[in-house]
2 protein chains.
Amino acid sequence: MLLLIEGNGGGLVSSSPLKRETMSVQIAAILRRDILTGELSPNAQVVESALALRLGVSRGPLREAMRQLIEEGLLITVPYTGTRVVDISVRDINEIYAMRTCIEIFAFEQIWTRRSEDFKAELIKRNQALKHAIDQADHVAAIEAELDLHGLAYEHANNRILLNTWTGLRGHLQMYWASHHRAHGTTGPKRESHDDYVRFALGESLTAMQDELRDHMRRGLETTITFVETCSGASA
Amino acid sequence: MLLLIEGNGGGLVSSSPLKRETMSVQIAAILRRDILTGELSPNAQVVESALALRLGVSRGPLREAMRQLIEEGLLITVPYTGTRVVDISVRDINEIYAMRTCIEIFAFEQIWTRRSEDFKAELIKRNQALKHAIDQADHVAAIEAELDLHGLAYEHANNRILLNTWTGLRGHLQMYWASHHRAHGTTGPKRESHDDYVRFALGESLTAMQDELRDHMRRGLETTITFVETCSGASA
DNA sequence: CGATTAAAGATTGTCAACAATCTTTGTCGG
DNA sequence: CCGACAAAGATTGTTGACAATCTTTAATCG
């Protein structure tokens with residue numbers, strides 16, 4: 001029943017540099033990572049006592065971490081019966097993509113007139129990182145790279161609420177894609193999928209970029225929905 | 001050390017119809033209400049043990065409720081030192097209004113072609129409720145009525161993520177206005193402030209409504225910022 | 001008198017045991 | 001064989017005590 005930070009003996013927590021964080025925060029990070037990478041499948045049951053034992057902590061901090069993930073929409077709990085990883089439906093995907101289109105257009109509106117050289121360089125760099133991950137056939141990394149690429153606009157929009165909203169959407173998307181990749185071997189994004197995105201984002205016309213965004217999202221939604229209906233095991 | 005539900009003897013919880021909810025959910029509701037109505041002022045310290053004693057519960061469920069409000073952005077906690085009600089800054093207000101403009105335009109885009117008679121009637125009804133609250137000089141009710149009026153579009157947009165985002169913004173706005181009303185006696189919205197909003201929302205042109213929205217938000221932001229700088233006690 | 005350090009206080013973090021609730025299983029009667 | 005009921009199991013909900021950490025205060029030394 002020993003702790004997992006001190007001395008890093010448990011080997012469960014990933015390389016904490018001796019700094020002290022409360023356990024519930026560490027646990028939340030571990031759980032979130034496991035859900036987002038698909039290690040904990042959608043709809044999988046998460047039992048407090050078992051998880052607490054595995055992580056070497058008491059149920060108290062674990063419950064707090066889980067409560068946070070519940071609020072983030074990654075876990076669902078029903079009183080006195082159990083907690084499960086959330087299962088994302090086709091309706092959710094539609095809602096996510098509609099919302100993405102809305103806020104990413106807004107993000108580019110916010111940053112458009114003050115796109116720095118830094119921004120432009122970083123955008124290109126992240127697109128290259130995406131291509132590199134695809135070349136390595138590392139689908140999980142490719143998923144993250146694509147989301148990181150889209151994230152840049154939000155990071156520069158200087159609006160924490162906007163960034164927060166994106167982070168929530170991003171989490172659900174990542175989890176969805178990753179779990180589908182694990183379960184059905186679906187591949188990640190194509191190598192040139194974001195070249196237009198980057199080109200218009202660096203260009204002169206905001207209107208053109210917004211049109212590209214709408215198109216990009218329409219295509220993305222189509223692709224995502226398609227490989228859902230290809231595999232049968234969808235949820236309600 | 002008695003419970004607060006059974007028999008409703010404590011008088012603290014508002015008329016629970018004998019149904020069983022977990023305590024942390026009830027506590028979260030109470031806390032949220034107290035924060036949103038300004039009964040707990042911004043920046044006020046919230047001490048677990050004291051609050052637990054006052055509510056007649058243990059610290060466990062209380063902590064879970066607080067953890068939820070932390071995730072909602074209503075409380076801020078720093079490990080081992082304390083928890084306070086969040087203090088909304090001018091920057092926050094700017095971010096909120098920018099985001100509001102973005103998502104409310106989106107909401108009307110979503111509902112525009114399928115505005116039902118039900119929707120139109122309810123919109124008019126909520127505007128009348130707003131006017132009624134203003135006539136009664138019930139500023140707290142007027143704040144809620146204005147937010148309820150704006151909420152209708154989100155409720156009909158059929159996108160839970162969108163509605164969720166609005167709920168978050170709504171909470172921060174309500175808390176901000178209510179606390180300022182308590183502290184400095186600022187009055188709520190004007191009687192005719194939403195007549196144009198309703199008129200365009202019922203009209204034919206979506207573009208016209210979007211323009212009205214941008215204008216409405218611009219005015220609202222101006223008003224809110226103004227009575228912030230009138231009173232000195234703003235935060236960082 | 002000021003600055004450093006130590007002690008006291010306040011507050012949150014963690015734990016293990018116990019209680020309440022829901023679900024499943026098994027049993028009994030028809 | 002089927003349905004109602006009861007018991008057993010599984011899981012979460014709640015509690016009070018104890019530990020860790022931060023802040024404030026007081027004392028000590030220069």
Side-chain angles (χ1 to χ4, degrees), chain A residues 1-7 9-10 12-13 16-31 40 43-71 74-86, chain B residues 1-7 9-10 12-13 16-31 40 43-71 74-86:
Chain A
M1 224 59 75
L2 279 178
L3 309 189
L4 39 76
I5 358 178
E6 323 246 291
L12 275 164
V13 66
S16 63
L18 254 309
K19 95 178 201 195
R20 293 286 188 72
E21 256 178 337
T22 64
M23 289 197 166
S24 59
V25 173
Q26 296 182 59
I27 297 169
I30 294 176
L31 256 179
L40 257 56
N43 216 25
Q45 189 172 15
V46 180
V47 178
E48 291 180 5
S49 49
L51 196 55
L53 191 68
R54 184 161 75 79
L55 262 52
V57 295
S58 179
R59 276 180 55 214
L62 180 71
R63 278 175 66 87
E64 283 185 27
M66 288 174 64
R67 179 57 59 123
Q68 175 154 351
L69 296 189
I70 289 168
E71 182 64 20
L74 296 178
L75 290 179
I76 285 188
T77 184
V78 32
Y80 291 108
T81 58
T83 308
R84 313 186 88 91
V85 178
V86 72
Chain B
M1 219 60 75
L2 279 178
L3 308 190
L4 39 72
I5 355 173
E6 322 249 288
L12 275 165
V13 66
S16 64
L18 252 308
K19 95 180 202 195
R20 293 284 189 72
E21 257 177 338
T22 66
M23 289 197 166
S24 59
V25 173
Q26 296 182 58
I27 296 168
I30 294 176
L31 257 179
L40 258 56
N43 217 25
Q45 189 172 14
V46 180
V47 179
E48 290 180 4
S49 49
L51 195 56
L53 192 67
R54 184 161 76 78
L55 262 53
V57 295
S58 179
R59 274 180 58 216
L62 181 70
R63 279 174 66 87
E64 283 186 25
M66 287 173 65
R67 179 58 59 123
Q68 174 153 353
L69 296 188
I70 289 168
E71 182 65 20
L74 297 178
L75 290 179
I76 285 187
T77 185
V78 33
Y80 292 108
T81 58
T83 308
R84 313 186 88 90
V85 179
V86 72

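FYI, side chains are in, hydrogens and waters are out, and symmetry mates aren't considered; it's all heavy atoms of this structure. Values in this document were obtained by computation on a predicted structure and should not be read as measured data. Residue numbering restarts at 1 for every chain, and letters A, B, ... go by the order of the sequence lines.
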When every non-hydrogen atom of A:Ala52 is compared with those of A:Arg59, the smallest separation belongs to CB-CG, 4.1 Å
Least distance between heavy atoms, A:Val57 atom then A:Met23 atom: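 For A:Val57 versus A:Met23, the nearest heavy atoms are CG1-SD, 3.6 Å.
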Table of protein N/O atoms under 3.5 Å from nucleotides 7-13 of chain C N/O atoms:
unit_1, atom_1, unit_2, atom_2, d
C:dT12, OP1, B:Val46, O, 3.1
C:dT12, OP2, B:Glu48, N, 3.1
C:dT12, O3', B:Tyr80, N, 3.4
C:dG13, OP2, B:Arg63, NH1, 2.6
C:dG13, OP2, B:Arg63, NH2, 2.9
C:dG13, N7, B:Arg59, NH2, 2.8
C:dG13, O6, B:Arg59, NH1, 2.8

Steps toward side-chain contact (heavy atoms from CB on, under 4.5 Å) verdict (A:Ser24, A:Gln68): CA-CA 9 Å; A:Ser24 59; A:Gln68 175 154 351; over 6 Å; no
Side-chain contact test, heavy atoms from C-beta onward, threshold under 4.5 Å: evaluate it for B:Ile76 versus B:Arg84 and give yes or no. no
Are the side chains of A:Leu40 and A:Leu31 in contact, using a 4.5 Å heavy-atom criterion?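 Answer yes - side chains close enough.
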Report the distance from atom CD of A:Glu21 to atom C1' of C:dT14, rounded to the nearest whole Å.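 Whole-Å distance recorded here is 16 Å.
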